[in-house]
Amino acid sequence: MAAAALGTTVALAAPAGFAQAAPNDTEPVAARAAGAARSTTTTTPAAAPAAWAAGTRAYLVITAPGGTSAVSGAVTSNGGSVFAAYDAIGVIVAHSTSTSFASAMRTVSGVQQVGATRTSDVPADAYSPALPANPSQSATTLTESNRWDMTQIKADQAWAVTTGSATVKVGVLDTGVDDQHQDIAPNFNAADSASCAYGKADTRAGAWRDVGTHGTHVAGTIAAAKNGKGVIGVAPGVKISSVRIAEPTSSLFFAENTVCGFMWAGDHGFKVTNNSYYTDPWQFNCPDNVDQAAIIEGVRRAQAYAEGKGSLQVAAAGNSNYDLANKTTDSESPNDSTPVTRTITNACIDIPTELPGVVTVASQASGGAKASYSNFGNGVIDVAAPGGDGSTQVYSTLPGGKYGNMSGTSMASPHVAGVAALIASANPTFTPAQIRDQLGVQATDRACPSDTRCKGTTTKNGFFGEGAVDALKAVGGSTPPPGAYFENLTDVTIADNATVESPITVSGVTGNAPATLKVGVDIKHTYIGDLKVDLVAPDGTVYTVHNRTGSGTDNIAQTFTVNASAEVANGVWKLRVNDNASQDTGRIDAWNLTF
């Protein structure tokens with residue numbers, strides 16, 4: 001990918017492995033200073049070969065945590081070498097030219113799983129990696145202005161409260177970052193940056209630099225400096241570290257690279273990482289395949305390790321317009337050799353975005369709608385953020401002091417990582433789980449559009465998850481956090497000329513309901529002008545929220561605000577729907593109350 005000229009649009013045919021920047025692409029989502037100490041969980045045994053040989057493949061050998069030393073000898077005796085070891089999670093990155101290596105290692109005592117991480121050879125560069133280029137820098141005359149994506153998530157309003165804390169480290173696990181860029185250099189943390197290409201940390205100065213343009217664009221969206229030049233990131237006061245996990249030339253992100261990246265994040269105190277890629281070469285990894293099962297387990301353990309050390313992972317959902325909650329086929333894998341079409345199920349997962357604990361981000365267009373390319377899935381998507389669509393893209397930093405546009409869930413994810421960094425800045429004691437929960441709490445509900453693929457409720461659905469992230473709420477802006485939440489998901493049929501009710505029992509709320517009681521309504525009906533919709537309080541008081549407006553419009557998917565301050569909160573509340581005409585029918589799909 002060539003860097004764009006100053007201020008121009010980047011039209012990328014992105015390499016496989018990205019949660020692609022190009023929305024029409026079918027792919028989903030996705031060094032310390034010289035002499036500094038390596039991660040304590042990584043070792044480089046003397047047994048590792050000094051020279052590359054044709055046919056070298058990479059494997060994850062999984063043992064119990066703390067058990068890697070006991071099986072390292074078996075790696076050698078079965079025709080392999082230990083390239084790197086992560087003893088804290090029981091993962092060895094092994095290389096071998098033997099086609100029987102994996103099957104032989106699976107019989108070794110103490111080995112739990114073994115899996116090939118690629119269907120192509122490990123590049124010769126793995127044994128003597130070349131440093132990425134350090135591009136010459138162009139000065140800019142561009143001055144900062146409010147961009148559509150920052151306005152959409154209210155980042156520009158949040159900056160009046162805080163721009164983030166310099167004690168918060170955000171890791172960009174990507175193609176690398178141009179640390180010399182005028183908008184990134186003020187916030188760049190070289191001491192905690194490295195390359196994890198090939199699965200072993202390379203701490204040489206500059207190893208973290210960009211082998212494409214993708215990572216630099218992502219970094220600018222998260223934390224471009226508020227310095228009057230170019231652009232401003234979501235959290236311009238936090239620190240950025242680059243962990244390059246893309247390999248040069250191919251720009252692929254193999255499992256051992258991701259394992260290394262997450263281990264580095266945990267050991268170096270990253271509060272948040274952004275992951276705008278999927279783990280190559282499999283678009284989806286299936287647990288009934290012995291190789292892919294080892295990939296899932298190895299990356300899962302590394303993510304859990306990072307989270308246990310205080311790091312929250314944010315990841316792009318992918319750009320295939322694919323329902324991640326209803327998987328049927330994968331026609332893109334393996335992408336490092338010859339893809340084949342295979343039948344899959346929901347047991348197969350896109351990693352890291354579908355791993356437990358990872359925040360999965362869908363993409364929105366400039367108007368807030370689901371971006372046309374964005375993957376989706378009820379129960380899979382956590383939140384949504386601006387990623388651009390069509391002619392309106394996300395403008396950010398590019399290597400060499402340049403700027404340009406990209407779009408994709410790759411661009412949506414760093415917006416969420418930036419908001420997570422703001423939450424961490426405002427709440428320094430928050431755990432990853434608390435930051436993850438707060439991302440959902442502060443998000444603005446977005447109902448499903450008239451699109452049958454979108455399943456769920458106004459407050460949580462397959463297109464937007466818990467809603468669109470809101471940076472202002474994240475830093476304690478003027479909108480108060482919601483209170484106790486109650487929901488009824490049982491369908492109630494609405495027949496012609498009939499009145500039906502759906503109850504919710506509220507308990508554990510002190511005193512009266514608020515003056516801003518939120519009533520989330522999800523009614524499927526083909527002519528809402530037929531309907532009168534009331535909220536009935538426990539004492540029988542009726543509050544009308546919809547009264548036969550909308551004519552032939554389909555469906556009511558809306559959150560209403562009711563002044564119910566005269567009502568005792570605890571008790572049975574009812575949503576009453578009255579159909580006043582013939583022909584069109586429907587159902588109460590779900591409804592909720594937020595006190």
Exercise. For the side chain of W264 and the backbone of G171, is there at least one donor-acceptor N/O pair under 3.5 Å apart?
Worked result: no
For this session: Establish, for the pair R118 and F254, whether the NZ or CZ atom is under 6.0 angstrom from the six-membered ring centre and no further than 45 degrees off its axis.
Result: yes
Exercise. Given the side-chain rings of H95 and Y127, with only the six-membered ring counted for Trp, is the space between their centroids under 6.0 Å?
Worked result: yes
Problem set entry | Y322 and F284 aromatic centres sub-6.0 Å | yes
For this session: Go through the steps to decide whether V218 and H214 satisfy the test side chain to side chain contact (heavy atoms under 4.5 Å, CB included), and finish with yes or no.
Result: CA-CA 6 Å; V218 163; H214 193 266; 4.3 Å; yes
Exercise. Does the distance from a Lys or Arg side-chain N to an Asp or Glu carboxylate O, for E354 and R300, drop under 4.0 Å?
Worked result: no
Exercise. Would you say the side-chain atoms of Q180 and Q137 include a donor-acceptor pair closer than 3.5 Å?
Worked result: no
For this session: Please work out whether the ring planes of F270 and H268 are parallel, tilted or perpendicular, with thresholds of 30° and 60°.
Result: tilted
Problem set entry | Any donor-acceptor N/O pair, D470 side chain to T444 backbone, under 3.5 Å | no
Problem set entry | Test item: Q434 side-chain N/O and T431 main-chain N/O as donor-acceptor pair under 3.5 Å | yes
Problem set entry | From CG (N275) to CD1 (I245), nearest 0.5 Å | 6.5 Å
Problem set entry | NZ/NE/NH1/NH2 to OD/OE distance under 4.0 Å, E466 and R436 | no
For this session: Without swapping roles, check the side chain of D291 against the backbone of A116 for a donor-acceptor pair under 3.5 Å.
Result: yes
Exercise. Is a side-chain N or O of R244 found less than 3.5 angstrom from the main chain of A194, in a donor-acceptor match?
Worked result: no
For this session: Answer with yes or no whether the side chains of Y278 and N285 bring together a donor and an acceptor at under 3.5 Å.
Result: no
Problem set entry | Donor-acceptor contact present, side-chain S374 to main-chain K370, <3.5 Å | no
Exercise. So, does D382 use its side chain to make a donor-acceptor pair with the main chain of T360 at under 3.5 Å?
Worked result: yes
For this session: Quickly, which of D178, D174, D179 forms a salt bridge (Lys or Arg N to Asp or Glu O under 4.0 Å) with R209? Name it, please.
Result: D179
Exercise. Quick one: are the ring centres of H181 and Y403 less than 6.0 Å apart?
Worked result: yes
Exercise. Please walk me through it: do N274 and L173 pass side chain to side chain contact (heavy atoms under 4.5 Å, CB included)?
Worked result: CA-CA 6 Å; N274 186 79; L173 277 59; over 6 Å; no
Problem set entry | Backbone of I222 reached by a side-chain donor or acceptor of H415 within 3.5 Å | no
Problem set entry | Verdict with supporting geometry, W282 and I344, side chain to side chain contact (heavy atoms under 4.5 Å, CB included) | CA-CA 12 Å; W282 306 101; I344 62 172; over 6 Å; no
Problem set entry | Distance under 6.0 Å and angle within 45° of ring axis: R453 vs F376 | yes
